[in-house]
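For reference, the structure discussed in these notes is given below.
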Amino acid sequence: MTADLTSDSRWEPDMLGGSWLARTLRLRPDEEGEVVATLVADGARPRTERAVLYVHGYVDYFFQTHMADVLADHGYTFYALDLRRYGRSLRPHQTPNYVTRLSDYAEELDTAARIVRDELGHEELVVLGHSTGGLVTALWADARTRAGSASGSGSGSTSGTSTATGSGTAAGSTVQIDTVQIDALVLNSPWLDLNEPWFSRVVATRLIDVLGPLAPRTPVGGLGPHYGRALHKDTGGEWDYDLTLKPHEGFPARAGWLRAVRRGHAQVARGLDIRCPVLVLTPDASGDPKRWHDAILTTDSVLDVQQTARLAPGLGRDVTLVTVPGAAHDLSLSPEPARSRFFDEVTAWLASKGL
């Protein structure tokens, strides 16, 4: 690999400093005006044949440089994508973290994947999604597969611009995304269902389905501050990140956004058909997301891990589920030894798939 990002004027110094670079991806404008996403990379690292594209969660952005370090040590070139209205991509005129269709993210995902494979020449692409990013990337891979499926073939093959090869269990099985292929999908605590009682999951979801189109920007909820405070160095945690982009209290969850998420959850519940290998990782236990407790960083104190375990097998044809004892919601931010266990599980699984 010979691509030199430092000599490409489209890559500019990133907020992380050092050798980190960012490239602004211009997307179609919407009712609020200009829309962008941001692709991030370490310009000092050599390009390798294998690449990882990371997609963050809700009220989040890429800051986990230690993740790039670990994957680089295993031969992967690391890229991260800040989705529209998140992190580096949030503009002053925009409603933070807001969309009314999760499929809108396909524009930046397609663009980023094409840059990584076509422009930069990586032979293999692994997509790594966390939490909401796990839901978004799972739906993206599924949609692109189904879009090109040959009717009635029953063999897993596709036509047109999308193709799938292999049985779904063989090493190197791929999904073609228009002119781009992903070779594996890794999901770090993917948000596959609402971690709420039956009334909220069923009755309130139906109300949101009505309210969403009528008053899409109406606030309908938000995050508790406890998990964020446990993570951040200023409140006793281990990690340093920009609290204007990832505030402890989050941003208001709005009706149109929650409707889009719940519709994505419904798709997952019906079953997806992702045609590349999928690895799903979760902590081994859940914690209360609505109050402070001593196990907030050694449990998933955002999602219900039993929901994830129940839904994960329906994501595709080759799905592996791994639980990591003592891990946090974002397994990459877990205390040791769970953090290293998470990375070991990811790299060992990729090696088992020939990646």
Side-chain angles (χ1 to χ4, degrees), residues 27-38 55-62 81-109 129-140 142-143 187 189-197 199-225 227-228 244-270 272 289-290 302-304 307-308 311 329-330:
L27 307 176
R28 289 188 295 270
D30 63 14
E31 70 280 1
E32 290 188 332
E34 177 193 33
V35 178
V36 302
T38 312
V55 181
H56 56 80
Y58 179 60
V59 189
D60 204 1
Y61 72 102
F62 170 64
L81 180 66
D82 277 12
L83 299 169
R84 64 185 69 197
R85 295 188 174 90
Y86 282 89
R88 299 161 178 81
S89 307
L90 179 62
R91 296 297 185 259
H93 64 275
Q94 292 180 321
T95 305
N97 300 183
Y98 176 77
V99 293
T100 56
R101 297 178 303 179
L102 296 186
S103 59
D104 287 350
Y105 294 125
E107 185 180 6
E108 53 257 56
L109 287 165
H130 167 56
S131 197
T132 307
L135 173 64
V136 167
T137 54
L139 295 172
W140 172 63
D142 177 67
L187 303 178
S189 294
W191 188 18
L192 304 183
D193 201 355
L194 194 64
N195 184 15
E196 292 287 349
F199 183 87
S200 294
R201 288 186 291 107
V202 178
V203 178
T205 292
R206 292 175 182 169
L207 295 175
I208 287 294
D209 208 42
V210 175
L211 178 63
L214 298 176
R217 287 182 171 77
T218 301
V220 293
L223 294 179
Y227 175 60
T244 64
L245 302 179
K246 184 178 171 65
H248 298 328
E249 295 78 9
F251 300 107
R254 301 181 185 274
W257 172 85
L258 185 56
R259 178 176 185 261
V261 168
R262 292 302 285 149
R263 290 192 159 205
H265 289 161
Q267 287 181 255
V268 170
R270 291 191 294 270
L272 305 184
K290 297 183 179 179
V302 176
L303 302 181
D304 182 341
Q307 289 178 332
T308 306
L311 291 164
H329 171 59
D330 185 341

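The model shown is predicted, which means the values in this text are computed figures rather than measured ones. Counting begins at 1 with the first residue of the sequence.
When all heavy atoms of Trp191 and Asp193 are compared, the pair lying nearest together is NE1-O, 2.7 Å. Ser189 approaches Leu303 most closely through the heavy-atom pair O-CD1, 3.5 Å. Closest non-hydrogen pair, Ala260 versus Val99, comes out as CB-O, 4.5 Å. Nearest heavy atom pair, residue Arg88 against residue Tyr61, reads NH1-CD1, 3.5 Å. Of all heavy-atom pairs between Thr100 and Pro216, the closest is CG2-CB, 4.3 Å. Across all their heavy atoms, Tyr227 and Val302 have their closest contact at CD2-CG2, 3.9 Å.
Separating the CG atom in Asn97 from the CZ atom in Arg84 is a distance of 13.0 Å, to the nearest 0.5 Å. The OH atom of Tyr86 sits 4.0 Å away from atom OH of Tyr105, with the distance rounded to the nearest 0.5 Å. Taken from CZ in Arg201 to CD in Glu196, the straight-line distance is 9.0 Å, to the nearest 0.5 Å. Once rounded to the nearest 0.5 Å, the distance linking CD1 of Ile208 with CZ of Arg254 reads 12.5 Å. Taking CG of Leu311 as the start and NE2 of His265 as the end, the distance is 9.0 Å to the nearest 0.5 Å. For the atom pair CZ (Arg262) and OG (Ser200), the distance works out to 9.0 Å, reported to the nearest 0.5 Å.
Side-chain N or O atoms of Glu249 include none that pairs as donor or acceptor with a backbone N or O of Leu223 at under 3.5 Å. Judged by distance alone, with hydrogens and angles left aside, the side-chain atoms of Thr218 form no donor-acceptor pair with the main-chain N or O of Ala255 at under 3.5 Å.
Side-chain contact between Pro190 and Thr308 is present, with heavy atoms from C-beta onward closer than 4.5 Å. In this structure, Leu192 and Gln307 have side chains that are not in contact, with every pair of non-hydrogen atoms separated by 4.5 Å or more. The shortest distance between side-chain heavy atoms of Arg91 and Val35 does not fall below 4.5 Å. Under the 4.5 Å side-chain criterion, counting only non-hydrogen atoms from C-beta, Leu211 is in contact with Val220.
Within 6.0 Å of CZ in Arg101 there are 12 or fewer heavy atoms belonging to other residues, nucleotides or ligands.
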* To do: Could you check Tyr58 against Trp257 for ring-ring contact (aromatic ring centres under 6.0 Å, His included), going step by step and ending with a plain yes or no?
  => CA-CA 11 Å; Tyr58 179 60; Trp257 172 85; 4.3 Å; yes
* Yes or no on side-chain contact (heavy atoms from CB on, under 4.5 Å) for Leu109 and Leu81, after CA distance, side-chain angles and deciding distance? -> CA-CA 8 Å; Leu109 287 165; Leu81 180 66; 3.8 Å; yes
* Let me see the working for Asp209 and Arg263 under side-chain contact (heavy atoms from CB on, under 4.5 Å), right down to the final yes or no. => CA-CA 9 Å; Asp209 208 42; Arg263 290 192 159 205; 3.0 Å; yes
* side chain to side chain donor-acceptor pair (under 3.5 Å) assessment of Ser131 paired with His329 -> CA-CA 8 Å; Ser131 197; His329 171 59; 3.0 Å; yes
* To do: Kindly determine whether Leu102 and Leu135 satisfy side-chain contact (heavy atoms from CB on, under 4.5 Å), including the steps that lead there.
  => CA-CA 9 Å; Leu102 296 186; Leu135 173 64; 3.8 Å; yes
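Looking at Arg28 and Glu108, no side-chain N of the basic residue comes within less than 4.0 Å of a carboxylate O on the acidic one, giving no salt bridge. The residues Arg85 and Glu34 are annotated as not salt-bridged, no charged nitrogen and carboxylate oxygen being separated by less than 4.0 angstrom.
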